[in-house]
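What's counted below: heavy atoms across the whole structure, side chains too, no hydrogens, waters or symmetry copies. These figures come from a predicted structure and were not determined experimentally. By convention here, the first residue in the shown sequence is residue 1.
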Amino acid sequence: MGLQQVWLSYNQLFNLFFFFIFLCQLTFLHAQLCTQEQTSALLQFKQNFSFNKSASQENCDDFGITTFPKIKSWKKGSDCCSWAGVDCDGTGQVIGLDLSCSWLQGTIHPNSSLFLSFPHLQRLNLAYNDFFMSPISLEFTRFTELKHLNLSWSVFSGNIPLEFSFLNKLVSLDLSGNFGLGLEEGGFQLLIQNLSKLRDLDLYRVNMSSSVVPKSFLNLTSLRSLSLGRSGLHGEFPSGIFHLPHLQNLEIWDDEGLTGHIPDFINSTYPLQNLVLFSTDFSGILLDSIANMKSLELLVVSNCKFHGSIPTSLWNLPQITYVDLSSNNFHGILPSSISNLTQITSLDLSYNNFSGSLPSSISNLTQITSLDLSYNKFSGSLPSSISNLGNLRYLSLSDNIFTGPFFPWDANLLEFQFLDVANNRLTGPLPSQVIVPPKLTDLDISQNLIKGTIPFWIFQLPALKYLNLSHNELIGHTHEFQYSSLEIIDLSNNYLHGIVPNSTFELRNLTHLVLSSNSFFGTIPRSNRFSENLNVLALKMNNFSGTIHDSFTRRNSLTTINLYGNGFEGPIPKSLINCRNLEVLDLGRNNFFEEFPHWLGNLPNLHVLILQSNKFHGSIVTSTSKFPFPILRILDMANNNFTGPLPIKYFTTFKAMMNVDEHFDLEYMGNDTLRYYDSLTIVIKGSTSEMRKILKVFTAIDLSRNKFQGEIPGIIGGLNSIQGLNLSHNSLTGHIPKSLGNLTKLEWLDLSSNKLTGEIPRQLTNLTFLGTLNLSQNRLVGPIPQGKQFDTFSNDSYINNLALCGPPLSNTCGDPKPTQPPPSTFEEEDSEPVSGFGWEVILPGYGFGLVVGLVMGYLMFSFGKPLWLVKMVEGVGNRNEKRLKSHAWRRGGRRN
């Protein structure tokens with residue numbers, strides 16, 4: 001064979017090779033091209049939606065998923081198999097659509113192109129969008145090849161079609177988080193009758209419309225993951241579900257009617273890895289057989305009704321990394337064997353009854369990042385070994401009985417983010433020399449016995465957002481905060497003094513500035529910024545002075561202004577009318593000088609108005625508003641120089657003091673999460689007292705120690721929800737209105753030191769909650785009514801009414817010359833005592849028994865009628881919401 005022949009042979013082979021490559025590429029390209037029908041269907045589907053980042057961002061951010069509008073980039077003329085969120089098989093057929101977190105807003109109609117051209121679709125994910133309460137169409141059943149369907153958290157509504165049971169190839173089904181979605185009665189059994197291959201099922205927030213848990217769950221023998229919650233289920237949860245042979249994940253959230261117990265695990269073959277029972281009525285004890293759950297990694301048994309001690313076997317589980325047993329009734333001590341949890345990253349035992357000291361072996365939990373032992377009865381000193389936990393980021397030991405010095409701050413805590421040791425008995429000074437933890441965002445050492453000055457490093461924390469040093473024995477000055485990240489500052493109830501740096505008032509992120517009950521002095525700086533982001537400005541009981549500048553802008557968000565007990569003077573700034581969110585305005589015990597600020601009646605959210613002990617004067621001019629003070633519940637204008645008649649118009653517009661529903665949740669004004677509560681100093685039952693918390697249903701009026709004249713208007717009897725009424729030390733005349741007998745929730749009534757005449761109305765015997773009555777120093781005549789609470793009041797309630805008769809007075813009605821007890825030591829009208837009268841009046845008023853007098857007296861003194869005590873005992877659910885948000889394992893917006 002010649003060279004030319006050889007060359008030709010090689011050339012032919014070379015050409016044949018490239019021709020083969022070309023054919024392969026052509027075949028490959030042809031196989032990858034999406035069909036024109038499917039391309040058109042997808043582009044038509046795109047036209048039904050707008051793009052809004054807020055439709056996806058909140059929920060997706062909670063899961064750390066990046067959001068972007070996937071279908072916005074879909075364009076005509078390109079291969080749909082290359083589009084974002086689209087997956088094709090080797091023949092160019094669309095088999096997967098993942099449009100989760102895609103900013104979609106719009107409606108999915110039954111005639112949507114989505115249902116027309118995708119017979120081979122196996123995976124469909126539309127989660128975390130906003131489909132405007134679209135019903136879940138029957139057309140979804142066209143996808144007969146579907147294996148994975150996720151429609152979660154996308155605002156679907158209506159009943160789930162039972163025809164979903166025809167999708168018998170489904171392996172996973174997630175319909176969670178659609179608030180308007182449900183199943184008809186008995187529908188669950190029909191839904192799953194053909195879904196024998198189902199491995200993952202999430203029906204959180206799907207209304208099951210059933211009073212009992214369907215036993216058909218037990219038929220899902222392939223099940224690996226089951227999530228339920230807020231489904232309306234009641235009754236006993238089948239314990240057999242725990243023993244499903246392949247079950248790895250079981251979650252039940254927020255089904256408080258659901259009862260049950262954790263069964264005995266009799267062997268070590270259970271595959272369960274994650275067990276979550278949050279806010280249910282599950283009860284019982286944890287058995288030692290929990291040791292057989294060798295695969296268990298996450299255990300959450302929180303806000304349930306479990307009790308007893310923790311079995312030692314729990315501390316020996318080899319794979320466990322997360323344990324939350326909070327909000328139950330567990331008790332006992334932490335054993336030294338807790339050191340076996342060398343893999344654990346989070347331990348939460350809060351809101352239980354654990355006691356004893358912390359074992360030093362806790363230092364062996366070297367992987368732990370979050371430790372919450374708050375709200376227990378742990379005692380003893382804090383082991384210094386805590387500072388050796390180099391991975392610790394979150395530490396809450398609040399509300400226990402820990403004593404001794406605040407534990408040494410070590411350089412290993414540089415990565416700390418959250419530290420809460422509030423409400424213990426820790427002593428000594430704060431450490432003065434530390435390496436500043438750059439990531440610390442929350443520091444709460446309030447309600448302890450910490451002494452000394454505030455160390456300078458606290459003012460240098462770059463990431464600090466929440467600082468609470470209140471209710472300690474700190475002294476000295478404050479310094480200028482070096483960073484503007486602070487949102488909450490609470491230094492109240494210490495012995496701090498000096499001038500507060502102007503920059504503190506101007507921190508741009510500040511929402512709460514609480515400096516009450518110290519010895520600060522100086523003036524509030526004139527600034528247009530200080531009020532714009534602030535919710536709470538509490539400077540109560542200090543030595544501040546000067547005028548309040550007229551600089552409250554319309555953009556402010558103030559809800560509380562408490563300046564009680566300072567030396568402020570001048571007029572009230574008119575720009576307060578811009579504080580449309582204001583709920584509490586306390587200007588008591590200052591030197592404000594002007595007429596009644598009637599324009600405050602235009603504030604739509606004002607609940608509490610305190611003007612007592614100032615230099616207000618003149619008659620009460622009513623607001624030009626048609627309905628002034630529409631939700632005011634507490635009004636205290638005592639000890640001023642107001643004149644003229646009582647403000648009749650206001651008594652007709654105080655709607656929040658009328659017909660208040662008794663079926664209420666026990667809520668205080670303030671923020672439980674931030675440990676901030678609005679407080680109030682007011683005369684209650686004759687004594688001046690500080691209410692550290694104000695119940696949202698507390699109502700009272702105090703107009704005492706002024707110069708009001710004229711009669712008590714009968715319209716005041718329409719305020720049938722008030723608990724306290726004090727009109728004493730004025731110049732009121734006329735009769736006591738019979739309509740006061742309608743104030744059936746009244747607990748104290750003081751009309752003393754006026755010029756009232758006539759008889760005491762018998763209608764006042766209807767006031768069965770009345771614990772204190774003072775009608776002394778008037779001109780009343782006739783017999784004192786008898787019966788009910790009036791049988792409990794002593795002479796002091798009536799002294800210096802020369803013509804009154806009958807019990808408890810010594811003179812009987814009909815005596816020709818009625819006698820009176822010796823004059824009391826009551827103050828003259830022009831004096832300003834701390835209280836109207838002493839406990840010698842109050843205690844006899846509780847004549848129904850010593851137990852009622854001593855035990856209930858204080859509770860009613862602080863909180864009102866005894867129904868509130870019942871609510872206090874029952875009202876523990878709200879506190880769990882803040883804990884729920886503080887842990888990484890919880891499922892963010894999905895579980896809210």
| task | Considering non-hydrogen atoms only, spot the tightest contact between Asn423 and Asp399 and give its length. | result | ND2-OD1, 2.6 Å
| task | For side-chain contact (heavy atoms from CB on, under 4.5 Å), just list the numbers for Leu582 and Asn605, CA-CA rounded to whole Å, side-chain angles, deciding distance to a tenth of an Å, and then say yes or no. | result | CA-CA 6 Å; Leu582 197 63; Asn605 294 298; over 6 Å; no
| task | Report yes if some heavy atom in the side chain of Thr553 is under 4.5 Å from a heavy atom in the side chain of Asn578; otherwise report no. | result | no
| message | Distance alone, cut at 3.5 Å: any donor-acceptor contact between the side chains of Asn303 and Ser279? | response | yes
| How many angstroms lie between atom NE2 of His477 and atom NE2 of His497, to the nearest 0.5 angstrom? | 3.5 Å
| Among Asp702, Asp636, Thr681, side chain to side chain donor-acceptor pair (under 3.5 Å) partner for Gln612 | Asp636
| request: Might you work through the side-chain contact (heavy atoms from CB on, under 4.5 Å) test for Thr559 and Val536, ending with a clear yes or no? | output: CA-CA 6 Å; Thr559 60; Val536 173; 4.1 Å; yes
| query | Is the closest side-chain heavy-atom distance between Ser370 and Arg393 below 4.5 Å? | reply | no
Please list every donor-acceptor pair under 3.5 Å in which a side-chain atom of residues 463-470 meets a protein atom from a residue at least two apart or in another chain.
from, atom 1, to, atom 2, distance (Å)
Tyr466, OH, Asp444, OD2, 3.3
Tyr466, OH, Asn468, ND2, 3.2
Tyr466, OH, Leu674, O, 2.9
Asn468, OD1, Ser470, N, 3.1
Asn468, OD1, Ser470, OG, 2.7

| task | Could you pull out the closest heavy-atom pair between Leu325 and Asn328, with the gap in Å? | result | O-ND2, 3.2 Å
| field | Set of ring-ring contact (aromatic ring centres under 6.0 Å, His included) partners for His479, sequence neighbours left out | value | Phe456, Phe459
| task | Applying side chain to side chain donor-acceptor pair (under 3.5 Å), run through Arg675 and Ser398 and close with a yes or a no. | result | CA-CA 12 Å; Arg675 289 183 182 268; Ser398 70; 3.1 Å; yes
| Is there side-chain contact between Thr427 and Thr403, with at least one heavy-atom pair below 4.5 Å? | no
| Any idea how Phe568 and Phe544 line up, ring-wise: parallel (<30°), tilted (30 to 60°), or perpendicular (>60°)? | parallel
| request: Step by step, work out the side-chain contact (heavy atoms from CB on, under 4.5 Å) result for Leu609 and Phe629. | output: CA-CA 10 Å; Leu609 177 60; Phe629 299 110; 3.9 Å; yes
| query | Rounded to the nearest 0.5 Å, what separation is found between the CG atom of Leu491 and the CG atom of Asn494? | reply | 7.0 Å
| query | When you measure from the side chain of Thr369 to the backbone N and O of Asn391, does any donor-acceptor pair fall under 3.5 Å? | reply | no
| When you measure from the side chain of Thr453 to the backbone N and O of Gly476, does any donor-acceptor pair fall under 3.5 Å? | no
| Any side-chain heavy atom of Ile561 within less than 4.5 Å of one from Phe552? | yes
| said: If I take atom CG from residue Leu603 and atom CG from residue Leu585, how far apart are they, to the nearest 0.5 angstrom? | reply: 8.0 Å
| request: Please work out whether the ring planes of Trp153 and Phe179 are parallel, tilted or perpendicular, with thresholds of 30° and 60°. | output: perpendicular
| field | Asn448 side chain to Val421 backbone, donor-acceptor under 3.5 Å | value | yes
| query | With no hydrogens and no angle check, is any side-chain donor or acceptor of Asp348 less than 3.5 Å from a backbone partner on Ser350? | reply | yes
| field | Check: Phe592 main-chain N/O paired with Asn590 side-chain donor or acceptor under 3.5 Å | value | no
| How about Leu395 and Ile386: do any of their side-chain heavy atoms sit closer than 4.5 Å? | yes
| Between CG of Asn502 and OG1 of Thr504, what distance do you get to the nearest 0.5 Å? | 8.5 Å
| query | Can Thr67 and Gln57 be said to form a side chain to side chain donor-acceptor pair (under 3.5 Å), step by step? | reply | CA-CA 6 Å; Thr67 71; Gln57 187 170 21; 5.8 Å; no
| field | Enclosure of Arg425 CZ (heavy-atom neighbours >12, cutoff 6.0 Å) | value | no
| request: Check whether any side-chain heavy atom of Leu587 sits under 4.5 Å from a side-chain heavy atom of Ile610, and report yes or no. | output: no
| said: Is the ring pair Phe354/Phe378 parallel, tilted or perpendicular, if the boundaries are 30 and 60 degrees? | reply: parallel
| query | Is there a donor-acceptor contact under 3.5 Å from the side chain of Asp490 to the main chain of Ser492? | reply | yes
| request: Apply the test side-chain contact (heavy atoms from CB on, under 4.5 Å) to residues Leu358 and Leu334: give CA-CA distance (whole Å), side-chain angles for both, the deciding distance (0.1 Å), then the verdict. | output: CA-CA 7 Å; Leu358 300 185; Leu334 287 185; 4.2 Å; yes
| message | So does Ile401 get a backbone contact from the side chain of Asn424, meaning a donor-acceptor N/O pair under 3.5 Å? | response | yes
| task | Would you please say whether a donor-acceptor pair under 3.5 Å links the side chains of Asp672 and Tyr677? | result | yes
| query | Using the ring of each side chain (for Trp, its six-membered ring), is Tyr394 parallel, tilted or perpendicular to Phe418, with breaks at 30° and 60°? | reply | parallel
| message | Determine whether Ser326 and Asp324 satisfy the following criterion, side chain to side chain donor-acceptor pair (under 3.5 Å), listing intermediate values before the conclusion. | response | CA-CA 6 Å; Ser326 61; Asp324 182 353; 2.7 Å; yes
| Shortest non-hydrogen separation from Met669 to Arg633 and the atoms involved | SD-NH2, 3.3 Å
| query | To the nearest 0.5 Å, how far apart are OH in Tyr483 and CG in Asn509? | reply | 15.0 Å
| query | What's the spacing between Asn518 CG and Asn543 CG if we round to 0.5 Å? | reply | 10.0 Å
| said: Is there a salt bridge (charged side-chain N to carboxylate O under 4.0 Å, His left out) between Glu583 and Lys696? Walk through the geometry before answering. | reply: CA-CA 11 Å; Glu583 298 178 358; Lys696 288 186 176 181; over 6 Å; no
| query | Would you say Asn376's side chain and Asn353's backbone share a donor-acceptor pair under 3.5 angstrom? | reply | yes
| said: Please check: side-chain N/O of Ser485 versus main-chain N/O of Pro462, any donor-acceptor pairing under 3.5 Å? | reply: yes
| query | Which heavy atom of Phe330 sits nearest a heavy atom of Asn352, and at what distance? | reply | N-OD1, 3.0 Å
| query | Which atom names give the shortest non-hydrogen contact between Pro573 and Asp550, and what distance separates them? | reply | CB-OD1, 3.4 Å
| message | Is any side-chain heavy atom of Lys693 closer than 4.5 Å to one of Ser679? | response | no
| field | Asn566 side chain to Asn542 backbone, donor-acceptor under 3.5 Å | value | yes
| Do the non-hydrogen side-chain atoms of Met691 and Ile684 ever get within less than 4.5 Å of each other? | yes
| task | Taking all heavy atoms of Gly670 and all of Asp678, pick out the closest pair and write down the distance. | result | N-OD2, 3.8 Å
| request: Output every pair passing salt bridge (charged side-chain N to carboxylate O under 4.0 Å, His left out) with a member in residues 433-443, not counting sequence neighbours, ordered by first then second residue. | output: Glu415-Lys439
